[in-house]
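Within every chain, numbering begins at 1; the chains are lettered A, B, ... in the order of the sequence lines, protein sequences first and strands thereafter.
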Amino acid sequence: MSHQYAFRDKSLVYCIYFSLLGGAAFLAGIVSIMVTLTCNMHSFGFIEIPDSGFRGVWGGLVMVFAGIFYLSGIRDSREIHNFAKVVLGSILLWIMAGTDLFAIFAGAVPSTEPGAWLNSAEGFIKAFSGPYTPAIVLFPFSMAVLYYIRKYHKDQDNLFA
Amino acid sequence: MKVLLIGHPNVGKSVIFNRLTGANVVSSNYPGTTVDYTKGYMRQFGEDIELIDVPGTFSLEPKDKAEEVAVRMLDENADAKVVCVIDAAKIERGLYLTLELIERGLPVVLSLNMWDVAHDKNIVIDSKRLQDILGIPVVPTVAISGEGISSLVRNIEGLNPSSLKEISARIGYARHGSEMNCQGCSGCLRTSLSGQGQILDTLSPDKKWDLIEEITASTVTFGTFVHTLKDALGDYTVKPVTGIPFAIAMLYAFWSIFVSFSGLVTDGFMVRIFDDYYLPWIQTHFPGGMGNWLYALLVDAGHMEGGFLVPSTTCFESFGVLTSGLFLPIGIVLPAILVFYLMLALLEDIGYMPRLAVLIDTFLHKIGLHGYAVIPTILSMGCNVPGVEATRILETKKQRFMMMTLLALFIPCGAQIAIMNDFIPDYLGFVMAYLFAGYFIFGFILNKIVPGRAPEILMDVPVYQRPTVKDIGKKVFMRTKGFLKEGIPFVMLGVFIVNILYLLGFIDTMASFAAPVFEGWFGVPKETAGPLIAAFLRKDLAIAQLSSIPMTKYQMISAVVLVTIYFPCIATFFMMIKEGGKAFFGSVLALISVAFVYGGFLHLIWILMGVN
């Protein structure tokens, strides 16, 4: 059975970290859907819920799925399939954050001033100064999975050396 | 010298072909990319060698149109040498095709491609021993990186045919293997005469598999299979519970990037280039000026304001051959089609498409198709022409007929989607929802009324691969070039014909004549007649025209759906004739009937909702 394991040892930190991240992603997705469907207010401090049905509802649904993947993957953290679910949850978060950042980038490049083609450096940077979508906020935290992927490869080398 | 590249679908034949000939054949990480043969040349051994990339086939007993092409190529090139490309990780299946080729008395060199994948799966193949047993050169290759390709080419020269009798003798499969005259056992080697009068040894399929078992037992070692993270992720993208959420996320990414990129290029730059610089320049420099018929046809017809004819301020409004005719394909469609093809190429080369096919296989079986129907469907969302051509991967005439009809009816091409996204973004979701609903509803009905079989097939899911920038770039370039070559002249021609018809009063006459049908049955303004005529040339042009006709939101949705479904564009029309043959006429009948019924059905929905 050893070949089914992703890691040599169980890790409590791993379980707590990804359950918190999963919970946050799930909640963010639900809130995003609810806010888009029912409410006119979309900005909460440094967090902004997209106001279009596409990004708010469809994107919110993807966040919910990301949360579910994380939460279903923390059980028996050593098992390879459970670890794969955590990785899949991160991929979904990266898709969301990546597309949100690209949308900001696409809106920030052209100038809105007549006569100028490109936005000023100041205007470009300002476009990235927030508020941010929940996916962008959670994006840095999801990068922790890269550490575990590296650890997985290291542990596999040791397991099958 | 002539060389045929033969092998299973999706084993890398086209990649090898491109490497050897420097050609630009599209290759993807899913079966059925090559549905017709491609010829190319390479210079080797001091001579020009003709290389033919044959569509993938599992055996020499064809089961679909692409496999028929493969077998026909073998028959027509009996003097050719053969490079048999097989997947080293699925060596038994590949060896069956190899034995069939040897059985035909063909000189074969065996390429054990995807050698790296076999290695990753702990499959160890003794290629030297395999070569000794088969009596043909066996070369391990990795087509994507080019490993082993030069050795493969070196082995083409001086190839000699092997025979099943010799192989059986070498492996010691001698139950009856050497008894050429055995008459009582269906599995024994028999002799037959080839078309060229050559005496050949043959084996029944069962006995071939027995022989393969013996060969692999002495040449292949299957190590412990370790389920890796990559395997687990691959499994999850196919299982419905996890695969459907992942597919939803992928579609989200696809659409989000499509909208953001096309918005950035079109609204950020193209609109300004065309409206602020190009239009004023051509309005100033083109001879004739407002009121001149040639100027109106080619540059700007203008519009009436306070009793005066005034020039247009945007390229779209001007509707001239040299203004709208260039703005639509270059300013709006090109950025969208570029990003669409880029993302499609990424999904294809990573290997996600076959997984999507497996995932929606169950749904598509409800309408008599199978999972692979997703490939022509998604290709059609770029352009209907390659989509119709890709229907060859479907097995039966019924499935191909249904697929062609559904593509022509309900799948808008990338150019059309781009225009809808630009001109009617608020209605795009509704239009797409109605089209996809129609795809399944009429698929279900066609499945019930069209005679024929809709068999199950087993689908091969390839391993995920890292796409290369070179392959992606080449694919995007070739597809975009194809669009530019066809799209720009057709849009310009479309604008020209529509302008002429307007000038001659033909469209107004048509609109008045068809008014009872348009207004009474479909619930759209009679002016929709003009865009419908343009739609035969280009659907994107027709949608752009529709957006300038005053109508309600619901009329607009009906009109756009109608333009999409009433008839294929001219390029798709000719491809359907080529691919469908006689069945094409049945398809046209189905198209017209469905357009009439579905258009009326939408009107009925609006009436029932009280919004008409």
N/O donor-acceptor pair under 3.5 Å between B:Tyr236 side chain and A:His81 backbone
yes

Taking every non-hydrogen pair under 4.5 Å, which of B:Ser256, B:Gly429, B:Ala253 racks up the most with chain A?
B:Ser256

Is A:Phe128 atom CZ crowded by more than 12 heavy atoms from other residues, nucleotides or ligands, each under 6.0 Å away?
yes

Could you tell me the separation between the OH atom of B:Tyr252 and the CE atom of A:Met63, rounded to the nearest 0.5 Å?
9.5 Å

Establish, yes or no, whether a centroid distance under 6.0 Å links the rings of B:Phe254 and A:Trp58.
no

Would you mind checking which part of A:Ile91 comes under 4.5 Å of any heavy atom in chain B, side chain (CB onward), backbone (N, CA, C, O), both or neither?
side chain

Taking the side chain as everything from C-beta on, heavy atoms only, tell me whether B:Leu264 gets closer than 4.5 Å to A:Pro110.
yes

In terms of heavy-atom contacts, B:Ala232 and A:Ala84 come closest through CB-CB, 3.6 Å

Interface moiety of B:Asp235 toward chain A, non-hydrogen atoms closer than 4.5 Å:
side chain

Applying side-chain contact (heavy atoms from CB on, under 4.5 Å) to A:Phe102 and B:Phe261, what does each step give before you reach the verdict?
CA-CA 8 Å; A:Phe102 185 67; B:Phe261 182 84; 4.0 Å; yes

Hey, what do you get for CG (B:Leu251) to CD1 (A:Ile95), rounding to the nearest 0.5 Å?
10.0 Å

Is the count of non-hydrogen atoms from other residues, nucleotides or ligands lying under 6.0 Å from A:Tyr17 atom OH greater than 12?
yes

Take a 6.0 Å sphere around CZ of B:Phe222 and say whether it holds more than 12 heavy atoms from other residues, nucleotides or ligands.
yes

I'd like to know which of A:Ala106, A:Ala108, A:Gly107 tops the heavy-atom pair count under 4.5 Å against chain B.
A:Ala106

Closest heavy-atom pair, A:Phe69 versus B:Thr242, reported as atoms and distance to 0.1 Å, is CE2-CG2, 3.3 Å

Do you know the tightest heavy-atom contact between A:Glu113 and B:Arg272?
O-NH2, 3.7 Å

Return the orientation label for the B:Tyr277 and A:Trp117 ring planes: parallel under 30°, perpendicular over 60°, tilted otherwise.
parallel

Assess whether side-chain contact (heavy atoms from CB on, under 4.5 Å) is satisfied between A:Val109 and B:Phe269, documenting all intermediate values.
CA-CA 10 Å; A:Val109 171; B:Phe269 301 103; 4.1 Å; yes

Using side-chain heavy atoms (C-beta onward) and a distance below 4.5 Å, is A:Tyr152 in contact with B:Thr228?
yes

Contacting moiety of A:Leu92, where chain B heavy atoms sit under 4.5 Å
side chain

B:Tyr278, OH atom: more than 12 neighbouring heavy atoms under 6.0 Å:
yes

How close do B:Leu229 and A:Ile80 get, heavy atom to heavy atom, and via which atoms?
N-CD1, 3.7 Å

Counting only heavy atoms closer than 4.5 Å, note whether B:Ile244 contacts chain A via side chain, backbone, both or neither.
neither

